[in-house]
Amino acid sequence: MKGDIRHPGDDLRYLCLSRTACDFVFHFQLIARELSMTSGELRRGFLDYFAKRGHRIVPSSPLIPHDDPTLLFANAGMNQFKDIFLGLRVPEFRRAASSQKCIRAGGKHNDLEDVGKDGTHHTFFEMLGNWSFGDYYKAEAIEWAWEYLTSELQLPKDRLRATVHHSDDEAEELWAKIAGIPRSHISRHGDKDNFWEMAEVGPCGPCTEIHLDMGAHRGCGRPDCGPNCRHCDELHDARFMELWNLVFMQYYRDENGVLTPLPETHVDTGAGFERLCSVIQGKSSNYDTDLFMPIIRATEEKTGREYVSGAEGTPFRIIADHMRALTLAITDGGFPSNVGRGYVLRRILRRASRAGRQLGLREPFLYELTNSVVDTMGSAYPELEERRTHVATVIKREEEQFGRTLNRGIDQFETFAAELAATGSSVLDGEKVFQLYDTYGVPVDLTALMAEDMKLIIDFDGFNRCMEEQRERSRAQAKFDRAVTNFGEGLVSEFVGYETLSTEAQITGLAEGAIVLDQTPFYAESGGQVADTGELFNAEFSFEVTGVQKQGTAIVHFGKVTRGEPSIGMVVTAQVNSDLRGRTMRNHSATHLLQAALRAALGPQVHQAGSYVSPDRLRFDFTCGEAVPPGVLRQVEAMVNARIRENLPVNISHSTLDEAKASGAIALFGEKYGETVRVVRMGNFTMELCGGTHVDATGQIGYFRILSESGIAAGTRRIEAATGVTAEELAREDRDRLARISAILKVGVEDVETRIAALLDRLKEIERELEKAQTAMAGADVDSWIREAGEIGDARLLIREVTLADPKAFRALGDTVREKLGKGVALLIGHDAGKLSLMLLVTDNLTSRIQAGKLMNELAAIVGARGGGRAHMAQAGGGSPERLADLLAKAPGVVARELGN
RNA sequence: GGGGAAUUAGCUCAGAUGGUAGAGCGCCGCUUUUGCAAGGCGGAGGCCGUCGGUUCGAAUCCGUCAUUCUCCA
């Protein structure tokens, strides 16, 4: 089935033989109202609807939550309001609505494996939502949701069902009253479906959901079928589809699981945007909507194949879904890597790449599809347009990397296959399959395909066993992490460290090795800048601060008590180590200059990928395809130093995110809407959003010096640099070292290089001459030795004590002897510092009768040495020289005996 | 955070069981050709990632660290 069915008719009854056709019949009933809407119109319409009802329209927060390490990706509209629900932040508005970018892949919610198999699972999706922060509650939330669906979107009322929590009589009454839904269309459910909580501890409450009846032909067919039907779940075919979830936050759940009412109640809702689109556009699959079709069409063009909606279309759907996730995530600062969320992105990309291979695309192609994603979503998320080329570059590089990994893996598979063929077996055991996957990154489905081609059977049970073992190992290890004191709730610390380095403060929180103050000059580790160190003290107590972290609104000082006992309420002096802070500030300000200089030298595609600022070094990671040429690096260094000499004033101001961006500030990701941002400017050279500490004017940096430039990951480079005294010391060290070198070489500083080059040449020449001389010397007598050699039967026997040069020359001597011997056996004996060094040589024409390695074992034993070797040559060492006579006496007999065999 | 693997010539990689470090491509010189592609001959280029251990002897076995790849969390 392909395309839309636009005309109703009797023949539709006939088409009802297939399930998808039936969906069309049903969907037709919806679109028969001639409501046609693009996804863009739907998104805008939703926001407009709530804007008219007093809601502040808030942009989606970035997919990559930089300040929340517990969260891999933004996965719900409420993410950016978490602080508000926790009571840690007071919003400047009471009503908000948004369309939020979300990714669910990896972690608890993981649909990755199911994407593409049907029309509903996605890694990336958008969530429409409206919120009340202590403002309106159940009645308005239900009324507006109902009105929006039935009036704005004109969904038929008799097709909608409501679910409520079994304890929530209020919600049921409201549904009956406001929406006029018959009681039979309202169902009650338990905690699993209709109670929502943010975490085990925190705000929570009952929720109510709106479901759409897809028609009696769907699902289990039982008369009692309804929303959240478990029979339908078993069939993987639900008759009722959840459209919207309205959460009423009214409790706080504490550590013991006890619920207490919140002082203010909130509303948090979420509606799946892709689902709504498919309903409105009359499609049976989300992928048939205008959100996905442009990407699928572009894929069709690349492959020359036609998309179909059944199982055969799976690769197309995987690609379309994954491209959305990748493009949006990379735009928001994500990056494929081998850890954390970067690893999730890498997996997504590789699945997409695999899907492409199934469609016959073996060369990188995904990067070209980013355009169709940007074109489709760009108007809703303008940041996509800004980073279009960046995203394509990142994806292309990652595709190429995957290609290399696959090739290596395929080689390894072939090695395994050859081994199997040699043993005549046709079963590839699970350990091997696991090894391919675990070590070489070959997806199991690919291994299966290759195995099939070679008529091999795969032991999947064994593979799964290995997989499970690996999971166990990781889990067992994970238990030991965690267990860090968490102050988060309730405590608030004011940071006064921009203005002062020393202040009186009161202890408000206390734990083993950790202290929270009501105000503090200590900078907490953030934005790449390391934490301040210093001391908290008063007359009877002192505490050495070694680390500082932000936990919620609290600033926690870590370290150890060196004197006295701290107690809550105690007043202390908080004193930051000003020397180290000064160095850190110089480095941080220099980092801003460096970024600006890099962009000036290399272009605006240079983006910060990470930074680290400590008292003695600064590190700046940025996106860049290839190594920065040394010339450019010098130019960048010179540019930074020029700005330092200009002594640009450092100006710090506060504004909103939008204003800052509009005036051209470099913004990182993770700033939340509604927060005032801190803008750091240095003359007209750089303007960045930054919470760090800075010098007053660039002149204070003193001197800037690049130490190294290196690659840290595909597409990412790192520059390390130093400033101020550190840079000065480094320069002095360099000069002193050069002076010492020139003293050793006894030439002027300017002649050092030519002198070293000449010396190296000379050294090499001498080495070569020496080697030649030694071989010549050792070999000079070889001819006479051979003439004097004894004979055993048809073979010569040469036994000789020689002066031992280095091992290499000794071997070369042996080589010469063996060549000139013609047919025979030679035993060379060298002396070295009370030890013996033996070498036994056998000409090739005798190796069938006598093995040097074997014989050496016996001969070496006579003098107490040990050794061995191969058939034509063997070496031994050790032993005592005084037993040499014994060896000389016995050796001919042993050789004769061997030859006789 | 934990597991597996890799690191050898400029590049891609061989180097069973410890015993004289190799190939292909690339590079340089000569030669053949009107010229190019190609061919022939010769050559340069290696602390076998790092530090330590075992051994008479380590590119090879064991451990440390570094870097890269990969899987799990």
Side-chain angles (χ1 to χ4, degrees), chain A residues 69 72 106-108 110 336-344 346-347 350 398 400-409 411-412 415 419 422 431-444 463-464 466-484 710-714 716 718 761 763-764 767-768 771 775 804 806-819 829-842 851-854 856-857 859-861 863-881:
Chain A
L72 276 172
K108 212 181 276 174
N110 191 349
S337 76
N338 55 359
V339 282
R341 52 175 75 109
Y343 180 55
V344 176
R346 173 165 285 175
R347 264 171 47 184
R350 293 185 172 193
E398 184 66 17
E400 286 164 351
Q401 171 63 35
F402 184 47
R404 282 193 290 273
T405 297
L406 272 189
N407 286 338
R408 266 196 293 269
D411 285 350
Q412 191 60 36
T415 310
E419 280 170 17
E431 283 90 37
K432 288 280 195 308
V433 180
F434 178 72
Q435 196 185 336
L436 281 170
Y437 176 65
D438 177 72
T439 304
Y440 298 96
V442 184
V444 180
F463 171 79
N464 288 329
C466 291
M467 207 62 198
E468 199 39 52
E469 281 169 24
Q470 152 128 316
R471 288 208 181 93
E472 274 312 312
R473 265 198 308 273
S474 290
R475 262 198 290 270
Q477 200 60 38
K479 281 179 193 149
F480 291 101
D481 313 344
R482 327 201 179 267
V484 194
S710 58
I712 53 164
T716 314
R718 165 173 295 173
D761 277 353
L763 181 65
K764 189 141 248 177
E767 274 175 353
R768 216 172 299 164
E771 201 182 317
T775 351
L804 185 68
D806 70 329
K808 214 170 173 184
F810 191 44
R811 273 198 297 266
L813 172 65
D815 216 17
T816 315
V817 170
R818 210 172 73 86
E819 264 167 35
I829 303 158
H831 297 269
D832 179 32
K835 281 200 297 187
L836 292 170
S837 184
L838 311 178
M839 183 181 296
L840 186 67
L841 302 137
V842 178
Q851 256 90 50
K854 228 170 82 188
M856 183 56 107
N857 285 328
L859 293 173
V863 288
R866 300 179 52 195
R870 301 203 284 201
H872 68 283
M873 198 278 280
Q875 283 178 287
S880 38

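Labels below follow one simple rule: chain letters A, B, ... track the order of the sequence lines, proteins then strands, and each chain is numbered from 1. Being a predicted model, the structure only gives us computed values, none of them experimental. Just so you know, these numbers use all the heavy atoms, side chains as well, and skip hydrogens, waters and symmetry mates.
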Exercise. Evaluate side-chain contact (heavy atoms from CB on, under 4.5 Å) for A:H872 paired with A:L841, printing each intermediate quantity in order.
Key: CA-CA 6 Å; A:H872 68 283; A:L841 302 137; over 6 Å; no
Self-check item: Dot-bracket encoding of pairs in RNA chain B, which uses [ ] for pseudoknotted crossings and | for another strand, Watson-Crick or G-U under 3.5 angstrom
Solution: (((((((..((((.....[..)))).(((((.......))))).....(.(((..]....))).)))))))).
Mind calculating the distance between [atom1] ([X]) and [atom2] ([N]) to the nearest angstrom?
{"X": "A:N857", "N": "B:U55", "atom1": "CG", "atom2": "P", "answer": "17 Å"}
{"X": "A:M467", "N": "B:G3", "atom1": "CE", "atom2": "P", "answer": "17 Å"}
{"X": "A:Y440", "N": "B:A6", "atom1": "OH", "atom2": "P", "answer": "6 Å"}
{"X": "A:R408", "N": "B:C13", "atom1": "CZ", "atom2": "P", "answer": "7 Å"}
{"X": "A:L836", "N": "B:U55", "atom1": "CG", "atom2": "P", "answer": "19 Å"}
{"X": "A:Q470", "N": "B:C71", "atom1": "CD", "atom2": "P", "answer": "10 Å"}
{"X": "A:Y343", "N": "B:G3", "atom1": "OH", "atom2": "P", "answer": "16 Å"}
{"X": "A:R471", "N": "B:A73", "atom1": "CZ", "atom2": "P", "answer": "5 Å"}

Quiz prompt | Nucleotide of B:G19, B:C72, B:C71 approaching A:R347 most closely (side-chain heavy atoms) | solution =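 Comparing B:G19, B:C72, B:C71 against the side chain of A:R347, the answer is B:C72.
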Quiz item: From B:G3, B:G19, B:U70, pick the nucleotide closest to the side chain of A:R346?
Solution: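 From the listed options, B:U70 comes nearest.
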Spacing of the [atom1] atoms in [M] and [N] (rounded, Å):
{"N": "B:G10", "M": "B:G19", "atom1": "C1'", "answer": "30 Å"}
{"N": "B:G1", "M": "B:C62", "atom1": "C1'", "answer": "26 Å"}
{"N": "B:A66", "M": "B:A9", "atom1": "C1'", "answer": "22 Å"}

Quiz item: In chain order, what residues pass the side chain to side chain donor-acceptor pair (under 3.5 Å) check against A:R818, with sequence neighbours excluded?
Solution: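 Side chain to side chain donor-acceptor pair (under 3.5 Å) list for A:R818, sorted by chain: A:D844.
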Practice problem: Classify the nucleic acid contact of A:G441 as base, sugar-phosphate or nothing, counting any heavy atom under 4.0 Å across all strands shown. | Solution: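 Sugar-phosphate contact only - A:G441 comes under 4.0 Å of backbone atoms but never of a base.
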Quiz item: Can you name the residues that form a side-chain contact (heavy atoms from CB on, under 4.5 Å) with A:A861, not counting sequence neighbours?
Solution: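 Partners of A:A861 under the side-chain contact (heavy atoms from CB on, under 4.5 Å) test: none.
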Quiz prompt | Toward the 5' end of RNA chain B, by each residue's nearest nucleotide, A:V442 or A:Q435 | solution =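 Closest to the 5' end, via its nearest nucleotide, is A:Q435.
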Quiz prompt | Upstream residue (5' side of RNA chain B) when A:G868 and A:A865 are each assigned their closest nucleotide | solution =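 On the 5' side of the pair lies A:G868.
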